[in-house]
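Read the structure below first, then the notes.
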Number of protein chains: 2
Amino acid sequence: MSSWATSSIETPTLAVSTVIFALRPNGDGCLQLATPLVRRIRAPFEGQWALPGGPLNTDEDLATSASHTLRDTTRLEPRYLEQLYAFGSVDRAGGKLAERVVSIVYWALVGADEADRAIQSENVQWFWADELPTLAFDHNQIIEYALGRLRNKIEYSRIAHVFLSETFTLAQLREVYEAVLGRELDPGNFRRMVESTGTVEETGERLAGTRHRPPKLYRATTITAGETK
Amino acid sequence: MSSWATSSIETPTLAVSTVIFALRPNGDGCLQLATPLVRRIRAPFEGQWALPGGPLNTDEDLATSASHTLRDTTRLEPRYLEQLYAFGSVDRAGGKLAERVVSIVYWALVGADEADRAIQSENVQWFWADELPTLAFDHNQIIEYALGRLRNKIEYSRIAHVFLSETFTLAQLREVYEAVLGRELDPGNFRRMVESTGTVEETGERLAGTRHRPPKLYRATTITAGETK
DNA sequence: GCAAAAGTGTTTGATATACACCCATGC
DNA sequence: GCATGGGTGTATATCAAACACTTTTGC
């Protein structure tokens, strides 16, 4: 029988970490997926980069904790936040001597425009998501897993626009898809795909100042109940 | 800054629960999804039915704990086991006085043939997954969520055959799909679908004893690396 | 022969892709 | 005018669903 016993003694420590993604312009002027990491200031893995996170407070919901982590690390608000997975192997904390930690990991998206406002410091820096150094704990695998989830989810949900500001052109939206998926998309087919899903609507305005035909501006349609996923 | 501090005091209790699914013949002779629940023998929710589970031992991996829960509850081995979600709302344990519990929930599938061997008792019973009473905590929502995951996953993965014994006919496999999805499938199209995915292979034998043309027996093909999902 | 399910073939419609082409603006 | 991306149209391939039809067994 399951015992379900005797108060909270001897249960592993519970932490919440967050994989944060933003799109930032790289050297070529293209957008590229970036993620902020923090440098560990204590053992184990002292000095190495790791996911932002911390222990779960007793009075905080899981998502709230992830959200606070995000704000504490980057001063940004998440535009999208979703639970990724709970990682809890006995040996993931490194040495056998180390305390057992179970991490519930969230992943978050922040706007490209806001990401510039994010703080950077000696101990907080942005890395390109596909060019990471060796990180503390199992954090390399966790970010890989989060990347997979993002790439999968962008194909069937309406999360892409959270990288953009309130109004955007279809070319900008396409650039987001291309940066996340890592391949080029046909502009014509992309337009049809987006229009058929009904996730965007025209604002009636156009973007001026380009050196070609001015593109229409769109906004995301408001989500109809039960369609967060 | 994230503090990541000071040992394991004041972190919520961590529990692992498991949603167990099996297919069992109902009154009409059709297969139907069933799940075993345990009766709570202490407050909160004393006397109500709940998911099997228990606190996480310090020396146990998460999936191992789920597996042990399953064996302790039903004496069955899981044919399939996957993490579902971590539930951790501050108020999910009922009263404000209750201790904070974060549950990492797994879902598991067991074979239809084995499910009969599962124990039942005063405090452990099987319920039809779509006719549950009001359960303890947020366990009704959790099972709903697990059902959605199962129904979604059966469409794009090869988990269906775990409900069956080693060899099976395509009609039996189709019956599994129909029971899980809750709708009838075209036998011809189903055959083509299964054959095109390459998840089954012929054994060369046929099932005798039916009162019609004897159907071929199949077995599941062995999984090629990296395709658990 | 007849019933019943196994198994095959064909048609149709929806959807994704490739790609040709026209449109509207800045220069 | 011309370059450049915005935006539209169209042909093709792929795949899922519907359904007619043939096959093989028990009775």
Side-chain angles (χ1 to χ4, degrees), chain A residues 25 28-31 151-158 160-161 164-165 167-219, chain B residues 25 28-31 151-158 160-161 164-165 167-219:
Chain A
D28 311 341
C30 295
L31 293 179
R151 288 186 174 128
N152 185 42
K153 195 136 199 174
I154 204 173
E155 301 251 38
Y156 67 87
S157 78
R158 48 171 67 208
H161 65 83
L164 301 170
S165 44
T167 65
F168 48 84
T169 69
L170 287 190
Q172 291 170 332
L173 187 61
R174 179 163 48 84
E175 206 187 345
V176 169
Y177 274 77
E178 290 178 337
V180 169
L181 295 175
R183 63 184 154 94
E184 299 201 336
L185 299 172
D186 181 275
N189 294 335
F190 180 79
R191 163 177 300 274
R192 256 186 302 270
M193 183 273 284
V194 170
E195 282 169 349
S196 73
T197 58
T199 54
V200 300
E201 61 188 8
E202 297 185 15
T203 62
E205 314 220 313
R206 285 168 184 275
L207 179 65
T210 59
R211 56 179 173 176
H212 52 74
R213 176 174 171 176
K216 290 180 183 174
L217 283 169
Y218 293 81
R219 75 171 69 85
Chain B
D28 311 342
C30 294
L31 292 180
R151 288 185 174 129
N152 185 42
K153 195 136 199 173
I154 204 174
E155 301 253 37
Y156 68 87
S157 78
R158 48 171 67 208
H161 64 84
L164 301 170
S165 44
T167 65
F168 48 84
T169 69
L170 288 190
Q172 291 170 333
L173 188 61
R174 179 163 47 84
E175 206 187 345
V176 169
Y177 274 77
E178 289 177 338
V180 169
L181 296 175
R183 63 185 155 92
E184 299 201 336
L185 298 172
D186 181 274
N189 294 334
F190 180 78
R191 165 177 298 274
R192 256 186 302 270
M193 183 274 285
V194 171
E195 281 170 350
S196 73
T197 59
T199 53
V200 300
E201 61 188 8
E202 297 186 15
T203 62
E205 314 218 314
R206 285 170 184 274
L207 179 65
T210 58
R211 56 178 174 179
H212 53 76
R213 177 175 172 176
K216 290 179 183 173
L217 282 170
Y218 293 81
R219 76 170 68 85

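Lettering follows sequence order; numbering is per chain, from 1.
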Pairs under 3.5 angstrom, nitrogen or oxygen only, protein versus nucleotides 22-24 of chain C, please.
unit_1 : atom_1 : unit_2 : atom_2 : d
C:dC23 : O2     : A:R213 : NH1    : 3.0

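Salt-bridge formation is not detected for the pair A:E155/A:R151: no Lys NZ or Arg NE/NH1/NH2 atom is positioned less than 4.0 Å from an Asp or Glu carboxylate oxygen.
Contacts between residues 186-207 of chain A and DNA chain D, defined by a heavy-atom separation under 4.0 Å, are made by A:G188, A:R191, A:R192, A:R206.
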What pairs of donor and acceptor atoms, side-chain ones from residues 183-190 of chain B against any protein atom, are under 3.5 angstrom apart with sequence neighbours left out?
unit_1 : atom_1 : unit_2 : atom_2 : d
B:D186 : OD1    : B:G188 : N      : 3.0
B:D186 : OD1    : B:N189 : N      : 2.8
B:N189 : OD1    : B:R192 : NH2    : 3.0

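Scanning both residues, A:L31 and A:P25, for their nearest heavy atoms gives CD2-N, 3.9 Å.
Heavy atoms of A:T210 sit under 4.0 angstrom from primed sugar atoms or phosphate atoms, though from no base atom. Nucleic acid contact for B:A208: none, since no nucleic acid atom lies under 4.0 Å from a heavy atom of the residue.
Put simply, CD on B:E178 is 12 Å from P on C:dA5, counting in whole angstrom units. Straight-line distance from the CG atom of A:L173 to the C1' atom of D:dG7: 15 Å, rounded to whole Å. What separates CZ of B:R211 from P of D:dT23 is a distance of 23 Å, to the nearest Å. When the P atom of C:dA18 is taken as reference, atom CD of A:E184 falls 12 Å away, rounded to whole Å. As rounded to whole Å, 12 Å separates atom C1' of D:dA16 from atom CG of B:L185.
Listed for the A:S196 side chain is a donor-acceptor partner under 3.5 Å among the backbone atoms of A:M193. With B:T197 contributing its side chain and B:V194 its backbone, the two residues share a donor-acceptor pair below 3.5 Å.
Residue-environment remark: CD (A:E205) stays at or below the threshold of 12 foreign heavy atoms within 6.0 Å.
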For this session: Verify side chain to side chain contact (heavy atoms under 4.5 Å, CB included) between A:Y218 and A:L170, making sure each step is shown before the conclusion.
Result: CA-CA 7 Å; A:Y218 293 81; A:L170 287 190; 3.5 Å; yes

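The side chain to side chain contact (heavy atoms under 4.5 Å, CB included) test with A:F168 singles out one residue from A:L217, A:V200, A:T203, A:V176, and that residue is A:V200.
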